[in-house]
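Some notes on the structure that comes next.
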Protein chains: 2
Amino acid sequence: MSEIEQQLAEFNIRPTAMRMLVYQFIEQQQKAVSLSVIEDYFDKADRTTLYRTIKTFEEKAVVHQIDDGTGVAKYALCEPGCGCDIGLDLHLHFHCTHCNDTTCLTDHKIPKIKVPAGYIAENINLVVKGICDLCNRT
Amino acid sequence: MSEIEQQLAEFNIRPTAMRMLVYQFIEQQQKAVSLSVIEDYFDKADRTTLYRTIKTFEEKAVVHQIDDGTGVAKYALCEPGCGCDIGLDLHLHFHCTHCNDTTCLTDHKIPKIKVPAGYIAENINLVVKGICDLCNRT
DNA sequence: ACCAAAATGCACTAGTGTTGCAGCGATAAT
DNA sequence: ATTATCGCTGCAACACTAGTGCATTTTGGT
Ligand SMILES: [Mn+2]
Ligand SMILES: [Mn+2]
Ligand SMILES: [Zn+2]
Ligand SMILES: [Zn+2]
């Protein structure tokens, strides 16, 4: 039983070949990936399967969706304590307007936000846009 | 010379009939509006014209775009000092998961966010999701 | 081996955002 | 007043993402 097979089992996901490959691919990335990026990488695989694989991962809190404002959803692995399993994605995300990459700033938590009286805050999406350190160096 | 005509003139926007109507419509709303909402309201008007009208408004900082995570862009009038003219939209936005409305919380400014060394923050998008006061009351 | 449930592949649909181009109207120069 | 110019409008078309229905294959359990 492989490493990845075990990971998926812990999330109650049946470890099919495709799922293991997709999991591995996302795991290797240093940045959040969009569905089209995954499609390009697995060019032999069917779009729908990849789509539903991601949806399954999302439901089971293997990955979390990131909306960086570019109009396409991106995904990254959840980390222990990331809060995705209880519907809270507490860390902030950085979108580089230069290289277009989006990264999780896992250890930069979202500060306490005040909302007006009568409003109930349930979740917060915070995306910082700018230049990432890689683009900054060059 | 009408009120609205004057407003547009201040932004260096030629006050066509359509533009004045769209401006008036957005002004009347208490919430951010999507393009499709505008299309539904002006059902006789052409989609493209409305699209380009909004784009013009956005360029001239008459309105600012709001990405509330629903996948469709919404727009609301800029207010004096909202920072949209210099590319900074500093206040936070609230998206109600019950009524699906998105509102500007104009006087709730975004707190100072720290980013890792090497990163340059240029703009911040902060959307709070939850229940708005109207939905909360009922 | 067999069965039921789950996963996959294919085709197709919907919605948003965007562009090219031709016509029309307001504006400005002659 | 006539004309040339420019910007706005309307129509058509396209790109892309997201999502669904259904038939077929694969999987895991008995
Ligand atoms: Mn993240
Ligand atoms: Mn706003
Ligand atoms: Zn970058
Ligand atoms: Zn509401």
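Chain identifiers are assigned alphabetically (A, B, ...) following the order of the sequence lines, protein sequences preceding nucleic acid strands; residue numbering begins at 1 within each chain. Just so you know, these numbers use all the heavy atoms, side chains as well, and skip hydrogens, waters and symmetry mates. Keep in mind that what you see is a predicted model, and the values were worked out from it rather than measured.
The residue B:Ser36 sits close only to the backbone: its heavy atoms come under 4.0 Å of sugar-phosphate atoms, none of a base. B:Ala73 comes within 4.0 angstrom of sugar-phosphate atoms only, judged by non-hydrogen atoms across all strands, and of no base.
Taking only side-chain nitrogens and oxygens, A:Thr16 never comes nearer than 4.0 Å to OP1 or OP2 of D:dT27. A:Arg19 has a side-chain polar atom (N or O) that falls below the 4.0 Å cut-off from OP1 or OP2 of C:dA7. Residue B:Tyr51 places at least one side-chain N or O closer than 4.0 Å to OP1 or OP2 of C:dT18. Contact annotation: A:Lys55 side-chain N/O to D:dA18 OP1/OP2 distance is not under 4.0 Å. Distances shown here put a side-chain N or O of B:Thr49 below 4.0 Å from the OP1 or OP2 atom of D:dG10.
Mapping B:Arg52 and A:Ser34 onto DNA chain D by nearest heavy atom places B:Arg52 at the nucleotide closer to the 5' end. Residue order along DNA chain D, read from the 5' end via each residue's closest nucleotide, puts B:Arg14 first among B:Thr48 and B:Arg14.
How far NZ of B:Lys44 is from CZ of B:Phe42: 8.5 Å, rounded to the nearest 0.5 Å.
For the residue pair B:Asp67 and B:His93, no side-chain donor N or O sits within less than 3.5 Å of a side-chain acceptor on the partner.
Spacing between atom CG of A:Asp67 and atom P of D:dT17 amounts to 14 Å, rounded to whole angstrom units. Between B:Leu8 atom CG and D:dC8 atom C1' the separation is 14 Å, expressed in whole Å. Spacing between atom CD of B:Glu59 and atom C1' of D:dC8 amounts to 14 Å, rounded to whole angstrom units. Atom CD1 of B:Ile38 and atom P of C:dG17 are 10 Å apart (whole Å). Rounding to whole angstrom units, CZ of residue B:Arg47 and C1' of D:dA13 are separated by 11 Å. Straight-line distance from the CE atom of B:Met18 to the P atom of D:dG10: 8 Å, rounded to whole Å. Look at CD on A:Gln65: it is 12 Å from C1' on D:dT17, rounded to the nearest Å. Atom NZ in B:Lys60 sits roughly 12 Å away from atom C1' in D:dG7 (whole-Å rounding).
Listed for the A:Gln29 side chain is a donor-acceptor partner under 3.5 Å among the backbone atoms of A:Phe25.
The neighbour count for B:Lys109 NZ, taken as heavy atoms of other residues, nucleotides or ligands under 6.0 Å away, is above 12. Residue-environment remark: OH (A:Tyr41) stays at or below the threshold of 12 foreign heavy atoms within 6.0 Å.
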